[in-house]
Amino acid sequence: MTVTHGTPTFRKADVTPEARALVPGVHVLTLEADIGPAGPAPAEDVWAEAHTRWNGASRAEVRNAPNVAAYRELSRMTGAHPDKRPPSVQALIDRGLRAKPLGAWPHINPAVDAVNAVAVRTLVALGLFDRDTLDGEVTLRLTDGTEEFTALGADGPVTLEAGGLVLADRERVLSQFAHRDGVHQAVTAETRRVLLLACAVPGVSEDVCRDALLEAAALLRGTAG
């Protein structure tokens, strides 16, 4: 489904009926973006702003922030405990900002770092795939028990159990939804075009997600700030 919002073209990932029944009210908005010739704009200032906000926060303050609480409810809908499998925005704050020294946030590569910076500033769950590795559009669906999946950092592929919530293209599973991404579409230094993704859930509106996608796209183009 395509949704226009000003000049950019946003899409909503298709959601199968089975997935919709598991996570009602959840949508994945996408936006294609180019990485600028000089690379993404530096994201350190965005991270530093978020560090000021969250460095002295308590665990409860992070978990009770409205967007974080909404994504924790998504974890529960998928059958996960939100403390054992925290939502991505909570994990970024806990691991890189709360009670951490300035600059302790994760450093992966400039594109991923820029998108993560926008995620912690806006508290919108964001992701990015190398667009040129994808086969068609992305769908939110359930696994059928036959798909193999190799997660980032894993030693090799595993066969996923049936009934798991995943993002997939026509060829393969790309991500265990709201948990971990696969290696196939990982963004690298050679990536020039990405598919940005934002997760809208009850409590985190599609408009808020669109604004976060636009902010992330500007950083990737090198035109933010």
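Only a predicted model underlies this, so the values are computations on that prediction, with no experimental measurement involved. Note that these values count all heavy atoms, side chains included, but never hydrogens, waters or copies made by symmetry. FYI, the numbering just counts along the sequence from 1.
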Worksheet item: Could you state the interatomic distance from CG (L214) to CG (L219), rounded to the nearest 0.5 Å?
Response: 11.5 Å
Item to complete: Apply the test side-chain contact (heavy atoms from CB on, under 4.5 Å) to residues D34 and L220: give CA-CA distance (whole Å), side-chain angles for both, the deciding distance (0.1 Å), then the verdict.
Response: CA-CA 7 Å; D34 294 325; L220 291 176; over 6 Å; no
Worksheet entry | Side chain R192, main chain P37, donor-acceptor under 3.5 Å | no
Discussion item. Has T52 got a side-chain atom pairing as donor or acceptor with A48's backbone, closer than 3.5 angstrom?
Written reply: yes
Item to complete: Without swapping roles, check the side chain of S75 against the backbone of H81 for a donor-acceptor pair under 3.5 Å.
Response: no
Practice prompt. Determine, step by step, whether V89 and N67 satisfy the side-chain contact (heavy atoms from CB on, under 4.5 Å) criterion, reporting the C-alpha distance in whole Å, the side-chain angles of both residues, the deciding distance to 0.1 Å, and the verdict.
Written response: CA-CA 9 Å; V89 288; N67 285 22; 5.9 Å; no
Worksheet item: Are more than 12 heavy atoms from other residues, nucleotides or ligands located less than 6.0 Å from atom CZ of R20?
Response: yes
Item to complete: For the pair W47 and W105, name the ring-plane relationship: parallel under 30°, tilted 30 to 60°, perpendicular over 60°.
Response: parallel
Fill in: Residue pair L140 / L165, side-chain heavy-atom distance below 4.5 Å
yes
Worksheet item: Do L29 and R11 touch side chain to side chain, with heavy atoms closer than 4.5 Å?
Response: no
Worksheet item: Quick one: which of R76, R72, R59 gives a salt bridge (charged side-chain N to carboxylate O under 4.0 Å, His left out) with D83?
Response: R72
Worksheet item: Does E206 come within less than 4.0 Å of R210, counting only side-chain N to carboxylate O?
Response: yes
Fill in: Side-chain donor/acceptor of Y71 to backbone N/O of A178, under 3.5 Å
no
Worksheet item: Which atom pair, heavy atoms only, marks the closest approach of N109 to T188?
Response: ND2-CA, 4.3 Å
Item to complete: Over all heavy atoms of both residues, which pair between P87 and V68 is shortest? Give the atoms and the distance, please.
Response: CG-O, 4.3 Å
Discussion item. Is there a side-chain contact between D169 and L174 in this structure, where contact means two heavy atoms from C-beta onward sitting under 4.5 Å apart?
Written reply: yes
Discussion item. Going by side-chain hydrogen bond (donor to acceptor under 3.5 Å, both in side chains), R172 matches just one of H184, E147, E148. Which one?
Written reply: H184
Discussion item. Which heavy atom of V208 sits nearest to which heavy atom of V204, and what is that distance?
Written reply: CG1-CG1, 4.4 Å
Item to complete: Check the side chains of D207 and S205 for a donor-acceptor pair under 3.5 angstrom, ignoring hydrogens and angles.
Response: no
Worksheet entry | S175 side chain vs L167 backbone, donor-acceptor pair below 3.5 Å | no
Discussion item. Ignoring hydrogens, what is the shortest heavy-atom contact between P202 and A70? Give both atom names and the distance.
Written reply: O-CB, 3.5 Å
Fill in: Test: R193 and D132 ion pair at under 4.0 Å
yes
Worksheet entry | E18/R141 salt bridge by N-O under 4.0 Å criterion | no
Discussion item. Ignoring hydrogens, what is the shortest heavy-atom contact between V166 and Q176? Give both atom names and the distance.
Written reply: CG1-CA, 4.2 Å
Worksheet item: Okay, side chain of N55, backbone of L97: is any donor-acceptor separation there less than 3.5 Å?
Response: yes
Worksheet item: Do NZ/NE/NH1/NH2 and the carboxylate oxygens of D94 and K100 come within less than 4.0 Å?
Response: no
Worksheet entry | salt_bridge(K12, E137) N-O dist < 4.0 Å | no
Item to complete: Apply the test side-chain contact (heavy atoms from CB on, under 4.5 Å) to residues W54 and V62: give CA-CA distance (whole Å), side-chain angles for both, the deciding distance (0.1 Å), then the verdict.
Response: CA-CA 8 Å; W54 294 108; V62 174; 3.8 Å; yes
Worksheet item: What are the two closest heavy atoms between I35 and A111, and how far apart are they?
Response: CD1-CB, 4.0 Å
Item to complete: Could you check if a side-chain atom of L196 sits within less than 4.5 angstrom of a side-chain atom of E32, using non-hydrogen atoms only?
Response: no
Discussion item. I'd like to check L197 versus C199 (side-chain heavy atoms, cut-off strictly below 4.5 Å). Are they in contact?
Written reply: no
Discussion item. Measuring from atom CG of L142 to atom OG1 of T16, what distance do you get when rounded to the nearest 0.5 angstrom?
Written reply: 5.0 Å
